[in-house]
Amino acid sequence: MSDPTPYEDHHPEPATVDRWLADLGFLVRAAPTVVEPLLERASGASARLAAAVYRASAHLHRDATEGVRRQLLAMDAARFGDRVLSARISSIPAAGEEEAQWRVDWATGSLVDGRFRHVLTGHTGRVCTVATAVVDGRTLAVTGSEDGSLRLWDLTTGRQDGEPLTLVDWVAEVMAVATLELDGRPLAVTGDVDGMVRIWDLTTREQVCEPLAGHDGWVCAIAVAVVDGRTLAVTTGEDGTVRRWDLTTRRPVGAPLTGHVAGVWAVATVVLDGRTLALTGGDDELVRVWDLASGEQFGEPLDRHFDRVCAVATVVMDGRTLAVTGGEDDRLRFWDLATREEAGDLVHGHVGGVSCLATAVVDGRTLAVIGDPDGTVRVWDLATRTPVGEPLVLHTDAVLAVTTVVTDGRTLALTSDLDGITRVWDLTADQPLGAPIAGHTDWVRSVTTAELDGRTVAVTTGDDGTARVWDVATGKPLDHPVLGPGPGTRAVTTTVLDGRPVAVTGSGDGTVRVWDVATGRQLGDPLDGAELGEFGVATALVDGRALAVSGGYDGAVRVWDLATREPVGQPLTGHQARVCAGATLVVDGRTLAATGSHDRTVRLWDLAKHEQVGPPLVFPLPVRALSVASGGRLVVGFGTEVAVLSRR
């Protein structure tokens, strides 16, 4: 096919943004540097949906081929519930590539949200801390990670700004960061697991002095304040101390503030009646208030928590200066700092506790943005003590850090997690966009298909402890999903060998085993090639031979003759991460194996020719489960989502 007309030289005028976003060829083929600046200016409902679809996986398709971008956009349109838009995207020609061979019939949308703006990826370890700064007129996010780096991100484009800030001679996990401007220079103050406090110039990207030593163990949290004309950093540590540092002289101020009897995990500063105060929370279940000028504790501790205090913030509401505190006791508490009394009712509902929080004012409402250990981010109206909108649920692991910032007229929340990812949310965005199908709330681990009352259904199990039943044709969940703990997460499939039914299982111990279904006995020794099966195992009958297909941690796909117990050919390679799912299907008279991997792809293999067929199918999240329904449709579990694809 001939290449479509390129869009490289197209730069739409503001008045025509919605029209350009309605051009699906523009979304698929235009350079992301042209498309992305338009997304914020979408105004009509269809344009805003197109913008949300584009953003959902922009970090994945930004540098991909047009064919991969087309597939991911079609998948995300289906996740937002617009199957017509998904089908239209699949039909768009892509430069230098064949027509799309698979269309998305439907997909769940557990992890799509119209408020989502960017995903910031690049750290190789968990992101422990996040802050924002204005550098050369641009609003940047500053993230610190256990990979020992500090990275800067442009919040308008969602792209990393420059090279990471790292130490040449030592990699110390960055646990805390705060930003400020001092003498006209934007600075970041970081705390490490080695107890050091470091100061960075965000313009030159270099340290401005030798590390400040004092803490014994982790530096857990940092805040900044101005006290008697001096700009101070206030740091808390695993050693139970609170320390003050003069950022001009780079020297400690006074003696450490002591009182906490164990690690101090949170700090915030505030001015009350002319005094500059620091609030700290820690393992001793207390929130302590300190006068930063005198170094004395200010009043009695706030003592209504029943577990570690992980998060502290301050806010002014109705003329009162309040502290907002959260911890592992599943409670969010409010305190009037002038009277030292609790201010109104506490908020419940953060199962597993509060790991971090920040505050913001949006449309005249004072909000708290709260990160939970279960990966959920919730927004609360602090005046009414009620949630605002649905939880933000794109994180798949514990949320470790949150901050808010106003830029380009929008209030953004930045949330970071154990997976090394920071996500950016627009707290002013309208909700909802599209009509996503609700699904699993944690990883999908297995998929199988069956016939039920004349229709094909898929049964999926997940780490959320549920098994759900779906109508494969319509995508509608049945009225009676099976509830309860999901089955084990090891692969199993069945076939016939020498006239008797056998089960073939893949195991995390690196083996594939064959079992007599009638007797329950293992048949022969395990098929125990290097790095064999975890979840991916399937069987097929090819040229009269019963074959097993297995995948494992090394990303290789192996084919076995079950009668001879010998491998068929060399391992099939192409996956870049562990293979977690396998199934077989017949397409155009060929018996194919489909394998799904943590590398976010499904690959198809011709079992007779022992080679890959066509390009891989790419998904927004790791593929963990795979099955084949009637008509050769693929049922795929990726991340928390389920999708059904069929041949075009």
Side-chain angles (χ1 to χ4, degrees), residues 113-117 130 132 223 266-273 275-281 287 289 298-299 301-306 309-372 374 376-393 399 401-407 409-415 424-432:
D113 196 305
R115 294 166 289 183
F116 171 70
R117 283 299 179 270
V130 60
T132 61
V267 62
T269 59
V270 68
V271 176
L272 176 68
D273 298 333
R275 299 190 197 210
T276 304
L277 306 178
L279 288 75
T280 57
V287 176
V289 186
F298 182 67
L302 311 178
D303 62 352
R304 295 296 302 280
H305 282 285
F306 302 101
V309 178
C310 302
V312 176
T314 61
V315 67
V316 176
M317 288 179 56
D318 300 327
R320 295 191 297 171
T321 301
L322 305 182
V324 187
T325 63
E328 295 183 357
D329 59 358
D330 188 26
R331 298 162 193 243
L332 191 68
R333 294 186 178 273
F334 309 90
W335 311 85
D336 186 318
L337 288 177
T339 66
R340 315 308 294 275
E341 299 292 333
E342 284 195 84
D345 298 330
L346 56 85
V347 173
H348 292 277
H350 294 270
V351 178
V354 173
S355 55
C356 52
L357 70 91
T359 60
V361 177
V362 179
D363 298 331
R365 293 191 296 175
T366 303
L367 307 180
V369 184
I370 302 162
D372 290 1
D374 67 358
T376 303
V377 178
R378 305 174 195 270
V379 183
W380 290 86
D381 185 316
L382 292 182
T384 64
R385 310 294 199 264
T386 58
V388 177
E390 294 298 317
L392 311 175
V393 293
V399 180
V402 61
T403 192
T404 60
V405 66
V406 177
T407 184
R410 296 179 179 271
T411 302
L412 305 180
L414 288 74
T415 57
V424 183
W425 311 84
D426 185 347
L427 297 180
T428 62
D430 296 331
Q431 278 287 316

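Everything numeric in this text was worked out from a predicted model, so none of it was measured.
Using modelled atom types, no side-chain atom of D372 and backbone atom of D374 make a donor-acceptor pair closer than 3.5 Å. Remark: side-chain polar atoms of T411 are not paired, donor with acceptor, to backbone N or O of T428 under 3.5 angstrom. Panel note: side chain R331, backbone E328; no donor-acceptor pair is recorded below 3.5 Å. Without hydrogens or angle criteria, R304 side chain to R333 main chain gives no donor-acceptor distance under 3.5 Å.
Taking CG of D336 as the start and CZ of R320 as the end, the distance is 5.0 Å to the nearest 0.5 Å. Annotation: the span from L357 atom CG to T325 atom OG1 amounts to 8.0 Å, rounded to 0.5 Å. Note that OG1 of T404 is 9.0 Å distant from CG of L412, once rounded to the nearest 0.5 Å. A distance of 5.0 Å separates OG1 of T386 from CG of D381, quoted to the nearest 0.5 Å. Considering CE of M317 and CG of L322, their distance stands at 6.0 Å, rounded to 0.5 Å. Note that CG of L332 and CG of L382 are 7.0 Å apart. Values are rounded to the nearest 0.5 Å.
Checked for salt-bridge contact, D113 and R115 meet the test: a charged N lies under 4.0 Å from a carboxylate O.
Closest of all the heavy-atom pairs between P391 and R378 is CG-NH1, 3.8 Å. Minimum interatomic distance between W335 and D303 (heavy atoms only, all atoms of both residues): CH2-N, 4.0 Å. Between A278 and V267, the shortest heavy-atom contact is CB-CG2, 4.5 Å. When every heavy atom of L279 is checked against every heavy atom of A323, the shortest pair comes out as CD2-CB, 3.3 Å. Contact detail for A313 and A268: the closest heavy-atom pair is CA-CB, 4.2 Å. In terms of heavy-atom proximity, T269 sits nearest to A223 at CG2-CB, 3.8 Å.
By the 4.5 Å heavy-atom criterion applied to side chains, T321 and V270 are counted as neighbours.
Among the candidates V369, L427, L367, the single residue satisfying the side-chain contact (heavy atoms from CB on, under 4.5 Å) test with V388 is L367.
A 6.0 Å sphere centred on CZ of R340 holds more than 12 heavy atoms belonging to other residues, nucleotides or ligands.
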